[in-house]
Amino acid sequence: MNRMQGRAAIITGATSGMGRATALLFAREGASVVASGRDEDRGRSLADEVRAAGGRAEFVAGDVSLPETGERLVETCTRTFGRLDSVACFAGMLGLGSVTGVPLDTWRQTLAVNLDAVFYLLRAALPVMKAGGGGSVVVGGSIAAFKGFPNHAAYCASKGALLALVRQAAIDYGPEVRINVLCPGPVDTPLIWESAVAFPDPAQAVSDVAKKTLLKRLGSPDDIARATLFLASDESGFVTGTSLTVDGGIMTGV
């Protein structure tokens, strides 16, 4: 317990799924949290839940694919909590379509949300973290960085690019700031149940994918939150510039 005591963290994609679970866990472990997302109702509910449990939280609504959102998140964190120690990037979108089938607007938006948003936030956060004595960044990636999926051209491209960005940034900002990418496999999040185009039969999709993992289940948002906490905390103090796959064994290829 208290693995994030006295620290301040920014978490994007915090209104749902993995980001929300991470924000709640960080708060339980003592962190002051600046949560970001598009849904103001969900975001304010999250902040209220943290405060009701005795934690500290602020919600900032915004589009993370815009540079000014990253700047606003960093400014809010340093103004409200006086420091910035950790960043966890979980905002993302699927962007379905093959290379010849994906609409150009979808391609651009997927890369903007999945890749550009990370760049913008780190551009604003890393100098502050380094000047403040250091910290840890966890970028939400995917096994799609290593494994292709049908009709996921933009998504796979964006997640693959994150691996290279994390490796490079770890070189420039170490030893003060550790930067790693977390690559989840199939996770049971609201996205599955709310995206009729990607998952027309969510229950069947969950069942089919679960059978492909060695653990015979999908991951939960809490599974990913706990792995994120490991990378953000001092428990991973000798880990930087690399990826951690959390996928129930699906990448073994069995």
Side-chain angles (χ1 to χ4, degrees), residues 10-20 22-23 34-43 46 59-74 76 87-126 137-166 168-169 179 181-200 202 205 221 224 228 243:
I10 293 171
I11 301 171
T12 68
T15 55
S16 182
M18 296 178 285
R20 186 178 192 279
T22 297
V34 173
S36 176
R38 292 176 182 266
D39 191 314
E40 291 199 36
D41 290 338
R42 289 181 178 179
L46 167 68
F59 174 70
V60 177
D63 180 353
V64 291
S65 69
L66 301 175
E68 53 265 33
T69 302
E71 294 167 0
R72 188 163 71 252
L73 288 170
V74 172
T76 299
V87 172
C89 303
F90 280 106
M93 64 176 290
L94 282 175
L96 297 178
S98 64
V99 169
T100 55
V102 62
L104 292 181
D105 284 348
T106 300
W107 170 268
R108 296 188 186 104
Q109 185 181 11
T110 303
L111 266 67
V113 172
N114 293 357
L115 177 61
D116 294 350
V118 173
F119 169 75
Y120 294 143
L121 180 52
L122 296 192
R123 186 178 177 88
L126 286 172
V137 173
V138 183
V139 174
S142 169
I143 59 171
F146 312 106
K147 173 182 173 64
F149 293 93
N151 295 313
H152 281 65
Y155 185 77
C156 290
S158 66
K159 295 302 184 178
L162 287 176
L163 293 181
L165 177 62
V166 163
Q168 194 285 318
I179 309 174
V181 59
L182 180 67
C183 295
V187 178
D188 192 349
T189 69
L191 177 64
I192 295 176
W193 302 94
E194 296 171 0
S195 179
V197 175
F199 306 101
I224 305 307
T228 305
S243 61

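Scanning all heavy atoms of the two residues, the minimum distance from Leu165 to Val118 falls at CD2-CG1, 4.1 Å. Scanning both residues, Thr228 and Ala88, for their nearest heavy atoms gives CG2-CB, 4.2 Å. Listed here is the closest heavy atom pair of Ala23 and Ala14: CB-CB, 4.4 Å. Taking every heavy atom of both residues into account, Leu96 and Pro103 meet most closely at O-CD, 4.3 Å. Contact record, Ala157 with Trp107: CB-CH2, 3.9 Å, taken as the closest heavy-atom pair. Scanning both residues, Val102 and Gly95, for their nearest heavy atoms gives CG2-O, 4.4 Å.
The shortest side-chain heavy-atom distance between Phe59 and Glu40 falls under the 4.5 Å cut-off. Two residues are said to be in side-chain contact when any heavy atoms from C-beta on lie closer than 4.5 Å; Val64 and Tyr120 fail this criterion. Using a 4.5 Å heavy-atom cutoff, the side chains of Gln109 and Ser65 are not in contact. No side-chain heavy atom of Ser158 sits under 4.5 Å from any side-chain heavy atom of Val113. A 4.5 Å side-chain heavy-atom check between Met18 and Pro184 finds at least one atom pair inside the cut-off. Looking at Ile224 and Leu182, their side chains come closer than 4.5 Å, going by heavy atoms from C-beta outward. Looking at Pro221 and Val187, their side chains come closer than 4.5 Å, going by heavy atoms from C-beta outward. Between Ser243 and Val166, the closest side-chain pair of non-hydrogen atoms is not below 4.5 Å.
Lys147 places no side-chain N or O within 3.5 Å of a backbone atom of Cys156 that could act as its donor or acceptor partner. Distance alone, capped at 3.5 Å, is enough to place a donor-acceptor pair between the Thr69 side chain and the Asp63 backbone. Checked by atom type and distance alone, the side chain of Arg38 never pairs as donor or acceptor with a backbone atom of Thr15 at under 3.5 Å. Counting only distance, with no hydrogens or angles, the side chain of Thr12 and the backbone of Phe90 share a donor-acceptor pair below 3.5 Å.
Taking OG of Ser16 as the reference point, atom CG of Asp39 lies at 9.0 Å (rounded to 0.5 Å). Atom CG of Leu111 is separated from atom NZ of Lys159 by 10.5 Å, given to the nearest 0.5 angstrom. Cys89 contributes atom SG, which lies 11.0 Å from atom CG of Asn114 (distance to the nearest 0.5 angstrom). Rounded to the nearest 0.5 Å, atoms CG (Leu73) and CD1 (Ile11) are 11.0 Å apart. Separating the CZ atom in Arg72 from the CD1 atom in Ile10 is a distance of 11.5 Å, to the nearest 0.5 Å. Atom CG in Asp116 sits 12.0 Å away from atom CZ in Arg108 (nearest 0.5 Å).
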Taking it one step at a time, do Val87 and Leu126 satisfy side-chain contact (heavy atoms from CB on, under 4.5 Å)? CA-CA 9 Å; Val87 172; Leu126 286 172; over 6 Å; no
Residues Leu162, Leu115; criterion side-chain contact (heavy atoms from CB on, under 4.5 Å); working and verdict: CA-CA 6 Å; Leu162 287 176; Leu115 177 61; 3.7 Å; yes
